[in-house]
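Atoms within each ligand, like the ligands themselves, are counted from 1 in listed order.
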Amino acid sequence: MLNFSFYNPTNIVFGEGQLQELDNLVPKDAKVLITYGGGSAKKTGLLDRVNAELAKSGRTVVEFGGIPANPKFEVLMDAIKIVRDEQIDFILAVGGGSVIDGTKFIALAAPAKAYEGREKELMHFGFTPVPVDSAVPFGTVLTLPATGSEMNNGAVISDGEDKLPVFSTHTFPKFSILDPKITFTLPKTQVANGVVDTFIHTIEQYLTYPVEGRFQDRTAEGILQTLIEIGETTVNEPENYDARANLVWCSTMALNGLIGAGVPQDWTTHMIGHELTALTGLDHAKTLAVMQLANWKVRRTEKREKLIQYAERVWDIREGDDDARIDQAIAKTEEFFNCIGMATRLSDYEIGPDIVDRVVAGLEKHGMTKLSERGDVTPEISRKMLETAL
Ligand code: NZQ
Ligand code: ZN
């Protein structure tokens, strides 16, 4: 097992009816900014329920709606101004990954005096923590199980054709309320996105090369098998509480640092996926389903041992030689994605060969030239993956 440091301070408050804990979780004397997205939280009545909980202790509340999917720097700047002008001292994100990620950026940029007027620079530290001393404390009410943003300190922020990761030691949510019922209003396609994003987060930290991380491997395999068990049900039966509760908990646990501690991590699929979203607007998870299969096809030699382990332990494939097992495991994964309505080729989204050069140029521009668990995925190998995915 590799050395690691594991730190996660987020308080998870899970289950039906837990919204009523808001009054205990948000400081009573706080001036609160509620952040939300394009309107679903308003339409479903969730925003009213959140306001009612905060009003119990007479808090002053300001609202900021309109954070779009793939949160945009310019929109977030409007909220940063509000936090400064209104002297907000607690932010409550009500939404999915985009609202929570956007809120993390608002929380760290608003008090960063040294970056006032040049906040965009905060987007360009990559996987190095942004050098700020503090952030406005914030909590979340999760509405879409997918990204794990509710229990990690990462964000992905967009600015034109740049879609970039931002990390800070100060951007763990103070708490996250995870009520599976709040996610019942999601359209099927977003639930399928959630299943696939969670699946690929697990794969990025599991399917690399063996390092005797037995706990991490078994836990990752448990998440993958749970997703396979509940995937179709939670997409097709939106109000099946138990299936959805398992998706919610899997997505939080897949990217809160636990399964990735002490093991190599890949993230090639994500980095290529982010470029695809920035250039085409395709949903995050949809880029992943396409690129993960291509990643395995191109790097099956480098990932051979783990692909064999994945075939046997996750899919119970025990017949045939190693190559046949790997082929079957890749085919089974594709079948699973397809059965929850997820396409697995770029051409399914009418994205043609001209995307390849543009994505490769984006990877080069953003310094994503040594990707994967071994740092051996050069732009040329990314190109091969994209060509395989067409
Ligand atoms: O904007 P509204 O109107 O609220 O609608 C949203 C949005 O259109 C809708 N929605 C959310 N909850 C709903 C709902 N509709 C009905 N009922 C509900 N309960 O769903 C749409 C998608 O929402 P979004 O937040 O964009 O989806 P997701 O949670 O998949 O987040 C995707 C973003 O997270 C980033 C992605 O790159 C992308 O920008 N990621 C963040 C990560 C992190 N912070 O750790 C890791 C991930 O790998 C990912 O990169
Ligand atoms: Zn993801």
Side-chain angles (χ1 to χ4, degrees), residues 8 10 34-47 49-50 64-73 75-76 93-105 127 140-159 162-168 171-173 176 178-205 238-239 244 247-248 251-252 254-257 260 265-278 281-289 291-292:
N8 195 310
T10 302
I34 299 178
T35 49
Y36 62 97
S40 74
K42 208 164 210 167
K43 219 165 57 199
T44 60
L46 177 60
L47 210 59
R49 290 166 60 205
V50 166
F64 182 84
I67 296 179
N70 309 304
K72 306 215 172 354
F73 172 79
V75 176
L76 303 177
V94 180
S98 294
V99 171
I100 301 175
D101 284 8
T103 300
K104 288 176 180 175
F105 192 77
F127 294 103
T140 88
V141 175
L142 183 73
T143 65
L144 196 173
T147 63
S149 188
E150 66 278 7
M151 198 180 177
N152 69 38
N153 63 336
V156 186
I157 307 299
S158 295
D159 179 35
D162 294 337
K163 180 173 168 74
L164 301 171
V166 177
F167 286 89
S168 159
T171 47
F172 284 98
S176 283
L178 274 49
D179 176 349
K181 273 191 133 175
I182 288 177
T183 75
F184 285 1
T185 52
L186 281 165
K188 275 188 185 188
T189 175
Q190 291 297 346
V191 180
N193 281 353
V195 173
V196 169
D197 198 16
T198 306
F199 198 95
I200 307 296
H201 291 159
T202 310
I203 290 291
E204 297 270 32
Q205 301 164 89
E239 304 207 352
R244 186 59 55 82
L247 172 59
V248 172
S251 47
T252 302
L255 200 52
N256 66 355
Q265 303 189 17
D266 184 346
W267 300 109
T268 302
T269 298
H270 267 73
M271 293 310 119
I272 298 177
H274 287 170
E275 299 297 337
L276 276 167
T277 299
L282 193 61
D283 287 354
H284 172 62
K286 296 189 168 62
T287 68
L288 303 179
M291 291 315 305
Q292 188 59 61

Give the atom numbers and elements of ligand 1 that come within less than 4.0 Å of a heavy atom of [X].
X    : result
Q190 : 20 (O), 21 (C), 22 (C)
H274 : 37 (O), 50 (O)
A69  : 26 (O)
G154 : 44 (N)
G37  : 1 (O)
L255 : 45 (O), 46 (C)
H270 : 48 (O)
I182 : 19 (N)

Write down the atom of [X], the atom of [Y], and the distance for their closest heavy-atom approach.
X    : Y    : result
G95  : I100 : O-CD1, 3.8 Å
N70  : S98  : N-OG, 3.0 Å
S149 : D101 : OG-OD1, 2.6 Å
N8   : N256 : ND2-O, 3.1 Å
T103 : A93  : OG1-CB, 3.4 Å

Yes or no: does N152 have any heavy atom under 4.0 Å from an atom of ligand 1?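 Contact check N152 vs ligand 1: positive.
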Has G39 got any heavy atom lying under 4.0 angstrom from an atom of ligand 1?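 Yes, G39 has heavy atoms under 4.0 Å from ligand 1.
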Considering only protein heavy atoms, which is closest to [atom], and at what distance to one decimal place?
atom                    : value
atom 13 (C) of ligand 1 : L186 CD2, 3.2 Å
atom 11 (C) of ligand 1 : T143 OG1, 3.5 Å
atom 2 (P) of ligand 1  : G38 N, 3.3 Å
atom 28 (P) of ligand 1 : G97 N, 3.7 Å
atom 26 (O) of ligand 1 : S98 OG, 2.5 Å
atom 34 (O) of ligand 1 : T147 CG2, 3.3 Å
atom 27 (O) of ligand 1 : L144 CD1, 3.3 Å
atom 44 (N) of ligand 1 : D101 OD1, 2.8 Å

Passes side-chain hydrogen bond (donor to acceptor under 3.5 Å, both in side chains), N153 versus T171? Steps please. CA-CA 5 Å; N153 63 336; T171 47; 5.0 Å; no
Donor-acceptor pair between E150 and T10 side chains, under 3.5 angstrom: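 There is no such pair between these side chains.
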Between K188 and N193: side-chain donor-acceptor atoms closer than 3.5 Å: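 Absent: no donor and acceptor within the cut-off.
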Measuring only between side-chain heavy atoms, which start at C-beta, is [X] closer than 4.5 Å to [Y]?
X    : Y    : answer
F199 : E204 : no
T147 : L255 : no
P238 : R244 : yes

Working for side-chain hydrogen bond (donor to acceptor under 3.5 Å, both in side chains), residues K286 and T189: CA-CA 10 Å; K286 296 189 168 62; T189 175; 2.8 Å; yes
Between F64 and Y36, ring centroids under 6.0 Å: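 Distance test on ring centres: not under 6.0 Å, no.
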Does the protein put a heavy atom less than 4.0 Å from atom 37 (O) of ligand 1?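 Within 4.0 Å: yes, protein heavy atom nearby.
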If we count only non-hydrogen protein atoms and require a distance under 4.0 Å, does atom 7 (C) of ligand 1 qualify as touching the protein?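 Within 4.0 Å: no protein heavy atom nearby.
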Hey, does S40 come in under 3.5 Å of ligand 1, counting only N/O atoms on both sides?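 Between S40 and ligand 1 (N or O atoms, distance only) the closest approach is under 3.5 Å.
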Options I200, T189, T185, ranked by nearest heavy atom to atom 16 (C) of ligand 1, top entry: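 Nearest heavy atom to atom 16 (C) of ligand 1 lies in T185.
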Nearest heavy atom to atom 39 (O) of ligand 1: which of H201, H284, K163 does it belong to?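 Comparing heavy atoms across H201, H284, K163, the nearest one to atom 39 (O) of ligand 1 lies in K163.
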Of L46, I182, T140, L142, which meets side-chain contact (heavy atoms from CB on, under 4.5 Å) against V94?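 Among the candidates, only L46 passes.
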Could you check which N/O/S atom of D197 is closest to the Zn ion (ligand 2)?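 Looking at D197, the N, O or S atom with the least distance to the Zn ion (ligand 2) is OD1.
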